[in-house]
Amino acid sequence: MTTGVPEPVKPPAAADDTNAFVRMTGSGDPERHIVIGEGARPVAGRGKVVVRVEAAGVSYAEVQMLGHLHPFPPAFPFVPGYDLVGRVVETGPGVTDRYVGERVAAMPRHGAWARYLETPARTLVAVPEELDAAAAVALITNGVTAWQMLHRLARVRPGDTVLVHGAGGGVGSLLTQLAVHHGLRVLGTASPGKHEAVRALGAEPLDYRTPGLPDVVRERAPGGVRAVFDHIGGRGLDESWAMLAPGGTLVSYDSSVAGYEPGQWFRPHVPALRRTVHRWVARRLGLTHGRRMSMYYVKPGKDFGADLATLFRLAAQGVLRPEIAARHPLDAASVAVRALLDGRTVGKHVLLP
């Protein structure tokens with residue numbers, strides 16, 4: 001290993017110097033607008049590396065992008081893919097060659113649905129060799145979201161009761177496991193077909209379509225719950241707020257895009273933003289009994305790498321068991337997105353380029 005800053009490490013000539021990738025071409029049905037393509041393998045620029053992708057995650061962000069309803073959408077056509085696990089095969093100028101051969105995780109937000117990806121070296125997080133690639137990729141966007149909402153936003157202590165909406169989903173299943181590990185009692189909403197899986201995670205399942213859900217929750221937790229984690233948004237945020245105990249926290253971390261027209265990218269997020277502002281004002285006026293509401297959006301930052309490393313360690317210890325809904329080849333990306341749209345699966349869909 002060199003100690004200085006070398007010239008780029010060029011990979012040896014190989015039969016896989018082309019790059020297969022998935023492109024999203026427009027808004028609409030995944031079967032029509034998610035297509036496979038092929039091009040030249042990327043070359044690492046200054047401060048960047050090329051990663052051969054082992055696994056790439058499929059998330060609700062891609063569903064939002066397909067509907068042109070994501071708050072930060074790339075322009076069509078583009079290569080989707082929020083997160084990945086892979087191995088560095090080339091470094092660019094300004095990057096030490098120690099990265100070559102290293103197994104890493106990254107969250108580029110788009111571009112991961114490919115055999116190779118160029119990405120900044122400074123964003124990489126080391127991945128333990130013993131971790132399954134699909135399990136590891138499930139911990140990047142979903143896991144960091146769950147960890148930071150629970151440990152950096154919600155004010156919870158062992159023995160508290162919390163409510164996790166979508167407890168069978170990619171984020172919800174990890175959030176439920178982390179909360180149970182933290183000594184919390186978890187009420188988890190899900191469709192009836194997922195109740196057995198939610199119960200196996202350590203939560204008490206509830207049907208999210210139950211009329212008068214706040215009253216049902218109050219029967220289970222008469223004083224209210226200490227935190228609610230809401231991935232739906234809209235008017236349901238009012239019900240989530242009604243479930244809180246004094247001093248509790250409502251965390252809104254996504255918004256359903258059902259019923260919105262393509263291109264209305266901001267409208268699904270307006271209800272959460274409006275309610276966050278209103279409740280902040282009410283809290284300043286002393287009208288909320290210490291309750292508060294926060295919006296959360298995962299992003300790389302000073303805590304991202306440390307939190308992801310903690311999640312990898314918990315998974316290696318067997319504390320976390322990421323739920324993998326299915327593993328798909330790259331050319332079945334549209335199948336994975338369709339499964340998310342249909343909402344019948346538990347856990348994370350993963351592409352294996």
Side-chain angles (χ1 to χ4, degrees), residues 51 53-64 70-72 80-86 103-112 117 119-128 131-156 162 164-182 184 186 201 227 229-231 249 251-255 294-317 319-325 340 347-351:
V51 176
V53 180
E54 294 180 29
V58 181
S59 69
Y60 195 66
E62 280 85 42
V63 173
Q64 292 177 322
H70 192 271
F72 308 105
Y82 231 71
D83 45 24
L84 66 92
V85 167
R103 197 174 190 226
V104 296
M107 192 179 73
R109 298 189 183 181
H110 59 87
L117 174 73
T119 193
R122 60 181 173 79
T123 65
L124 302 177
V125 179
V127 178
L131 274 186
D132 171 70
V137 84
L139 294 172
I140 303 174
T141 302
N142 289 0
V144 173
T145 294
W147 177 270
Q148 292 188 346
M149 290 194 303
L150 182 67
H151 292 291
R152 299 191 181 276
L153 283 182
R155 298 170 295 187
V156 293
V162 300
V164 176
H165 281 302
V171 174
S173 59
L174 290 171
L175 180 54
T176 297
Q177 292 179 63
L178 287 170
V180 170
H181 179 64
H182 192 56
L184 303 175
V186 181
L201 296 173
F229 302 94
D230 191 306
H231 72 305
T249 304
V251 183
S252 174
Y253 67 97
D254 217 329
S255 299
S294 297
M295 293 180 68
Y296 174 86
Y297 183 78
V298 64
K299 58 185 181 296
K302 66 176 182 178
D303 299 316
F304 180 85
D307 291 346
L308 182 53
T310 297
L311 292 164
F312 285 155
R313 184 171 65 253
L314 290 173
Q317 294 170 352
V319 172
L320 275 181
R321 300 177 308 280
E323 297 287 330
I324 307 301
L340 278 186
K348 182 82 167 177
H349 286 267
V350 178
L351 301 181

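All heavy atoms count here, side chains included; hydrogens, waters and symmetry mates do not.
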Handout entry: Nearest-0.5 Å distance, CH2 of residue Trp147 to OG1 of residue Thr310
Key = 5.5 Å
Exercise for the section: State, yes or no, whether a side-chain contact exists between Val104 and Val85 at a heavy-atom distance under 4.5 Å. Expected result: no
Handout entry: Gap separating the CZ atom of Arg155 from the CG atom of Leu150, nearest 0.5 angstrom
Key = 14.0 Å
Practice task
Go through the side-chain N and O atoms of Glu62 and Tyr82 and say whether any donor and acceptor fall under 3.5 Å apart.
Solution key: no
Exercise for the section: Please check if atom NE2 in His151 has more than 12 non-hydrogen atoms from other residues, nucleotides or ligands closer than 6.0 Å. Expected result: yes
Exercise for the section: May I ask you to decide if Ile140's main-chain N or O and Asp83's side chain share a donor-acceptor pair within less than 3.5 Å? Expected result: no
Exercise for the section: Anything under 30° is parallel, anything over 60° is perpendicular, the rest tilted; go ahead and classify His165 against His231. Expected result: tilted
Handout entry: side-chain contact (heavy atoms from CB on, under 4.5 Å) assessment of His349 paired with Ser59
Key = CA-CA 7 Å; His349 286 267; Ser59 69; over 6 Å; no
Practice task
With sequence neighbours excluded, tell me which residues meet side chain to side chain contact (heavy atoms under 4.5 Å, CB included) with Ala167.
Solution key: Val164, Thr176, Val198
Handout entry: Over all atoms of both residues, closest heavy-atom pair of Ala112 and Leu84
Key = CB-CD2, 3.8 Å
Handout entry: All side chain to side chain contact (heavy atoms under 4.5 Å, CB included) counterparts of Ala146, not counting sequence neighbours
Key = Val171, Leu174, Leu175, Leu178
Problem - Heavy-atom check, side chain of Leu201 versus side chain of Val180, under 4.5 Å - result: no
Exercise for the section: Verify whether one side chain among Asp307 and Gln148 offers a donor that lies under 3.5 Å from an acceptor in the other. Expected result: yes
Exercise for the section: Side-chain contact test, heavy atoms from C-beta onward, threshold under 4.5 Å: evaluate it for Met107 versus Pro300 and give yes or no. Expected result: yes
Practice task
Go through the structure and list residues passing side-chain hydrogen bond (donor to acceptor under 3.5 Å, both in side chains) with Asp230, not counting sequence neighbours.
Solution key: Ser240
Problem - Test item: Val350 and Val58 side chains (from C-beta on) under 4.5 Å apart, heavy atoms - result: no
Practice task
Would you confirm whether Arg103, through its side chain, and Pro128, through its main-chain N or O, come within 3.5 Å as a donor-acceptor pair?
Solution key: yes
Handout entry: Any side-chain heavy-atom pair of Phe312 and Val125 under 4.5 Å
Key = yes
Exercise for the section: May I ask you to test the Val319-Arg313 pair for a side-chain heavy-atom distance under 4.5 Å? Expected result: no
Handout entry: Nearest heavy-atom neighbours spanning Ala227 and Val156
Key = CB-CG1, 4.1 Å
Handout entry: Minimum heavy-atom distance between Ile324 and Ala138, given as atom pair plus value
Key = CD1-CB, 4.1 Å
Problem - Test item: Gln177 side-chain N/O and Arg321 main-chain N/O as donor-acceptor pair under 3.5 Å - result: yes
Problem - Between CG on residue Leu311 and CG on residue Asn142, distance to nearest 0.5 Å - result: 10.5 Å
Completion exercise
For Ala106 and Leu124, the nearest pair of non-hydrogen atoms, with its separation, is CB-CD2, 4.0 Å
Practice task
Verify the neighbour count for atom CZ of Arg122: are there more than 12 heavy atoms of other residues, nucleotides or ligands below 6.0 Å?
Solution key: no
Exercise for the section: Mark yes or no for whether Thr123, through its side chain, and Thr119, through its backbone, hold a donor-acceptor pair below 3.5 Å. Expected result: no
Handout entry: Nearest heavy atoms of Ala179 and Val162, plus distance in Å
Key = CB-CG2, 4.4 Å
Exercise for the section: Measure the shortest side-chain to side-chain distance between Met149 and Tyr253 over non-hydrogen atoms and say whether it is less than 4.5 angstrom. Expected result: yes
Practice task
Locate the shortest heavy-atom distance separating Thr249 from Val251; write the atom from each residue and the value.
Solution key: CG2-CG2, 3.8 Å
